[in-house]
Participant: 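What follows is a single structure, and I will ask about it in a moment.
In this chain, numbering begins with 1 at the start of the sequence shown.
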Amino acid sequence: QDIRALISARLGHFEYPELDEQVWAPMRDSAGHIHQAILKGHVYFAGHFSECVHINAQLTGRDRPFVADYFKVDIDILFRSNNKNDSCVISDEGSILGWTLGVCLPASCSSEELEELFLANTAKHNPVCSVQRTNDYIDDPNAGFYITLSIMGAIFLLCLVSGIADFCFSEDLCNKPVSRSTFWRLLMSFSLYSNVSSIFETTGSKKDGQITPIHCLRFFSMFWVVLGHLSGLTLKTIANPVDMLDLTKDVTTEFILNAFFSVDSFFFIGSLLLTFLWFKSFHRNPNRTKSPAAWAMLYANRLLRLSPPFFMMVLFFAFVMPQFFRNSPFSMNSLAESDSCKDSWWLEFTYLFNFNNYDEQCLGYSWYLATDTQMFFFAPLIIIPLAVKPVIGLIVAAAIFSLSTAVNIFLVYHYHWPATVQFVGATDPEMIDYDKYMVYMYMSPLTRCQVYIIGMFVGWMLQNKRRMRINPVFNIVMWILCIALMFFLICGLHSQSTGTLIPIFWRAMFSAFSKPAWALALSWIIISCYYGFGG
């Protein structure tokens, strides 16, 4: 009935007096139309979501109002009929390679009904490939939604009550027996007041024995990670992606294309702190630190400290976050459409998701925690020999480092892969199985452990050598060399980004040695600053 009314309106005949002004005009006005910047790669014409969904007109002679909803319609890129075998091509990401229009259609129709209508073989030339309605990919709240909200609500309520009790009664109870009771100490550990104050406390960052430059590295590396991810996602939404690709001709764009070094910075920091803190405990009490119980506690501490906030984030993203997309255009975003959390959220709890179903991760960036945790668990292979006799530790580390380097070089030669993760530029025509690059090269602890090993040795050195004198001239020269090396590593692949194919030997060398070189540059920054020569 609604579709028939629209078809009549399209032909200039309005069955209902209110249809033209209250329905037909705003529906046409809110629909997306193919217009400017086509030559710049503009293929997604969204229209106006809120104008469409606000259409709710009571028509004379009908007991049911005319309600509209927002739909996304995919059309073949060459406007070929959808019944041709080469039309409606699906990309690697699962979306249609073609034009996408936001279209306002009757809310009384489901996307399945409209697809059946539009895809029916009733027209000689019909380029419509698919129809999707708002919320098609958003499930109704389920048990996981309510359980997650209950857990989060209970934690927040406990923190709030504890914080109020802390703020109001801690000073009065500080010298009384109740303040030393297990119940009170456990309650205060949840105090919102104390924890927020502690998190934002910075005065302790410059105490003796603190590795202060780590705070700076964390800060800039985190912003670098955000910049890289944001820039990648921007290509999915902007109206002129071709202009974005033209930006790669500017060498400064390499700071975005090669933002992957920010991840290596975090691997370096994690391994440095591991050995720095372990050997600090080892020097105080060697026998206890080397005991099986101490190692068990080290692993337990790692999992207990890391897992609760991570697991809560996984549960929130899997069960709660999709509800924020409900009744919004984002419910039709490719991220919502390809939501793997519905089925694989539990896999995140194993810290093995960088190997198992890596292409269907619930959180696309959580592979880092899996890789870092796996290297953490194997760290004793180097730490124990290093504690017994440093030479033995050095030999073991060199063997693992050499194996990692050899595997890296082999993978590049065998698969003809690029020097690093590549989005633009020249590709080797002989390259095969690039879909395996992430699991074999990018997420693998075997190829990532080079940086981790260097960080471990820096942490060991800082703990074992309490004082160091550095010649001022040598210090300045090293700073210049390290900064130059970091700029070279970031910008060294610019010719590849602009279309020049780098020979496979140099691709393999860059792939195998760029990350260790980055770690060495970070090592000097840490060493120079830690011993008081960083300014």
Participant: Treating Thr134 as the side-chain partner and Tyr70 as the backbone partner, does any N or O pair qualify as donor plus acceptor under 3.5 Å?
Facilitator: yes

Participant: Drop me the distance from Thr420's OG1 to Leu489's CG, to the nearest 0.5 angstrom.
Facilitator: 10.5 Å

Participant: Please name all residues satisfying side chain to side chain contact (heavy atoms under 4.5 Å, CB included) with Asn195, sequence neighbours left out, ordered by chain then number.
Facilitator: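 Once residues adjacent in sequence are excluded, Asn195 has no partner under the side chain to side chain contact (heavy atoms under 4.5 Å, CB included) criterion.
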
Participant: Any heavy-atom pair between the side chains of Ile147 and Phe319 that's under 4.5 Å?
Facilitator: no

Participant: Does this structure show an ion pair linking Asp2 with Arg64, if we count only N-O contacts that are shorter than 4.0 Å?
Facilitator: yes

Participant: Between His229 and Tyr365, which heavy-atom pair has the shortest distance, and what is it?
Facilitator: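 Of all heavy-atom pairs spanning His229 and Tyr365, the closest is CE1-CB, 4.0 Å.
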
Participant: Do other residues, nucleotides or ligands put more than 12 heavy atoms under 6.0 Å from Glu21 CD?
Facilitator: no

Participant: Please confirm whether Arg62 makes a cation-pi placement over Tyr16, using NZ or CZ under 6.0 Å from the six-membered ring centre and within 45° of the ring normal.
Facilitator: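 Here Arg62 passes the 6.0 Å and 45° test against Tyr16.
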
Participant: Assess whether salt bridge (Lys or Arg N to Asp or Glu O under 4.0 Å) is satisfied between Asp20 and Arg28, documenting all intermediate values.
Facilitator: CA-CA 10 Å; Asp20 185 15; Arg28 292 191 64 183; over 6 Å; no

Participant: Might you point out which heavy atoms bring Cys109 and Phe71 nearest each other, and give the distance in Å?
Facilitator: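 Residues Cys109 and Phe71, closest heavy atoms: O-CZ, 3.5 Å.
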
Participant: Are side-chain N/O atoms of Asn126 and Ser81 paired as donor and acceptor at under 3.5 Å?
Facilitator: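 There is no such pair (donor and acceptor under 3.5 Å, judged by atom type) between the side chains of Asn126 and Ser81.
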
Participant: Are the side chain of Ser328 and the backbone of Phe325 linked by a donor-acceptor contact shorter than 3.5 Å?
Facilitator: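 At least one qualifying donor-acceptor pair exists.
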
Participant: For Lys72 and Thr100, work out which heavy atoms get closest and say how close.
Facilitator: CG-CG2, 3.2 Å

Participant: Is the shortest side-chain heavy-atom distance between Trp417 and Arg507 below 4.5 Å?
Facilitator: no

Participant: Is Ile151 close to Tyr146 at the side-chain level, that is, under 4.5 Å between some pair of heavy atoms?
Facilitator: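 Of all side-chain heavy-atom pairs linking Ile151 with Tyr146, none is under 4.5 Å.
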
Participant: Is the count of non-hydrogen atoms from other residues, nucleotides or ligands lying under 6.0 Å from Phe487 atom CZ greater than 12?
Facilitator: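 Open: at most 12 neighbouring heavy atoms sit under 6.0 Å from CZ of Phe487.
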
Participant: Within 45 degrees of the axis of the six-membered ring of Phe376 and under 6.0 Å from its centre: does Arg302 put its NZ or CZ there?
Facilitator: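 Verdict for Phe376: a cation-pi partner in Arg302.
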
Participant: Measuring only between side-chain heavy atoms, which start at C-beta, is Leu411 closer than 4.5 Å to His414?
Facilitator: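 Heavy-atom side-chain distance check fails, nothing below 4.5 Å.
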
Participant: Quick check on Phe169: does its CZ atom have over 12 non-hydrogen neighbours (other residues, nucleotides or ligands) under 6.0 Å away?
Facilitator: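 It does not: Phe169 CZ has 12 such atoms or fewer within range.
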
Participant: When you compare the side chains of Ser497 and Glu254, does any donor N or O come within less than 3.5 Å of an acceptor on the partner?
Facilitator: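 Side-chain D/A pair, Ser497 to Glu254: present.
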
Participant: Under a 4.5 Å cut-off applied to non-hydrogen side-chain atoms, are Ser194 and Met188 in contact?
Facilitator: no

Participant: If we count only N and O atoms by modelled type, under 3.5 Å, do the side chains of Asn408 and Thr447 hold a donor and an acceptor together?
Facilitator: no

Participant: What I want to check is whether the side chains of Gln374 and Asn354 have a donor and an acceptor closer together than 3.5 Å.
Facilitator: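 Yes, because at least one side-chain N or O of Gln374 sits under 3.5 Å from a partner of the opposite role on Asn354.
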
Participant: Taking atom types as modelled and ignoring hydrogens, do the side chains of Tyr351 and Thr371 form a donor-acceptor contact shorter than 3.5 angstrom?
Facilitator: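 The answer is no; no qualifying pair exists.
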
Participant: Table please: side-chain donor-acceptor pairs of residues 219-227 below 3.5 Å, with sequence neighbours left out.
Facilitator:
residue	atom	partner	partner atom	Å
Ser221	OG	Leu217	O	2.7
Trp224	NE1	Phe255	O	2.6

Participant: When you look at CZ of Phe316, are more than 12 heavy atoms from neighbouring residues, nucleotides or ligands closer to it than 6.0 Å?
Facilitator: yes

Participant: Is there side-chain contact between Thr498 and His494, with heavy atoms separated by less than 4.5 Å?
Facilitator: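 In contact.
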
Participant: Less than 4.5 Å apart, side chain to side chain, heavy atoms only: is that true for Met27 and Cys52?
Facilitator: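 No, side chains not in contact.
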
Participant: Taking Thr248 for the side chain and Leu245 for the main chain, is one N or O donor matched with an acceptor at less than 3.5 Å?
Facilitator: yes

Participant: Take a 6.0 Å sphere around CZ of Phe510 and say whether it holds more than 12 heavy atoms from other residues, nucleotides or ligands.
Facilitator: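 Yes, enclosed.
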
Participant: When the ring centroid of Tyr437 is compared with that of Tyr442, is the distance short of 6.0 Å?
Facilitator: no

Participant: List the steps and the verdict of side chain to side chain donor-acceptor pair (under 3.5 Å) for Asp76 and Asn82.
Facilitator: CA-CA 7 Å; Asp76 182 71; Asn82 54 39; over 6 Å; no

Participant: Test Ser511 against Met441 for side-chain contact (heavy atoms from CB on, under 4.5 Å), laying out the working first.
Facilitator: CA-CA 9 Å; Ser511 178; Met441 185 77 81; 3.8 Å; yes

Participant: Indicate every side-chain donor-acceptor pair of residues 40-49 with a distance under 3.5 Å to a residue at least two apart or in another chain.
Facilitator:
residue	atom	partner	partner atom	Å
Lys40	NZ	Asp243	OD1	3.1
His42	ND1	Gln36	O	3.1
His42	NE2	Tyr44	O	3.1
His48	ND1	Ser50	OG	3.4
His48	ND1	Glu51	N	3.2

Participant: Can a donor-acceptor pair be found, under 3.5 Å and without considering hydrogens, that links the side chain of Asp136 to the backbone of Arg133?
Facilitator: yes

Participant: Are the aromatic ring centres of Phe267 and Tyr452 under 6.0 angstrom apart?
Facilitator: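 No.
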
Participant: Suppose we screen for salt bridge (charged side-chain N to carboxylate O under 4.0 Å, His left out). Which residues come up paired with Arg4, at least two apart in sequence or across chains?
Facilitator: none

Participant: Looking only at heavy atoms, which two atoms of Met375 and Pro445 are closest? And how far apart?
Facilitator: CG-CB, 3.7 Å

Participant: So which atom in Leu186 and which in Phe190 form the shortest heavy-atom distance, rounded to 0.1 Å?
Facilitator: O-CD1, 3.3 Å

Participant: Less than 4.5 Å apart, any side-chain heavy atom of Val53 and any of Asn327?
Facilitator: no

Participant: Starting from the C-alpha separation in whole Å, work towards a yes-or-no answer on ring-ring contact (aromatic ring centres under 6.0 Å, His included) for Tyr415 and Tyr434.
Facilitator: CA-CA 8 Å; Tyr415 293 106; Tyr434 187 61; over 10 Å; no

Participant: Any idea which heavy atoms bring Leu501 and Thr427 closest together, and the distance?
Facilitator: CD1-C, 3.8 Å

Participant: Working to the nearest 0.5 angstrom, can you tell me the gap between Tyr193 OH and Ser198 OG?
Facilitator: 12.5 Å

Participant: Test of understanding: with side chain to side chain contact (heavy atoms under 4.5 Å, CB included), list the residues that count as partners of Gln22, not counting sequence neighbours.
Facilitator: Glu18, Ala57

Participant: For Cys88, which residues count as a disulfide (SG to SG under 2.5 Å) partner, sequence neighbours excluded?
Facilitator: Cys129

Participant: Could you check whether atom CZ of Phe349 has more than 12 heavy atoms from other residues, nucleotides or ligands sitting under 6.0 Å from it?
Facilitator: yes

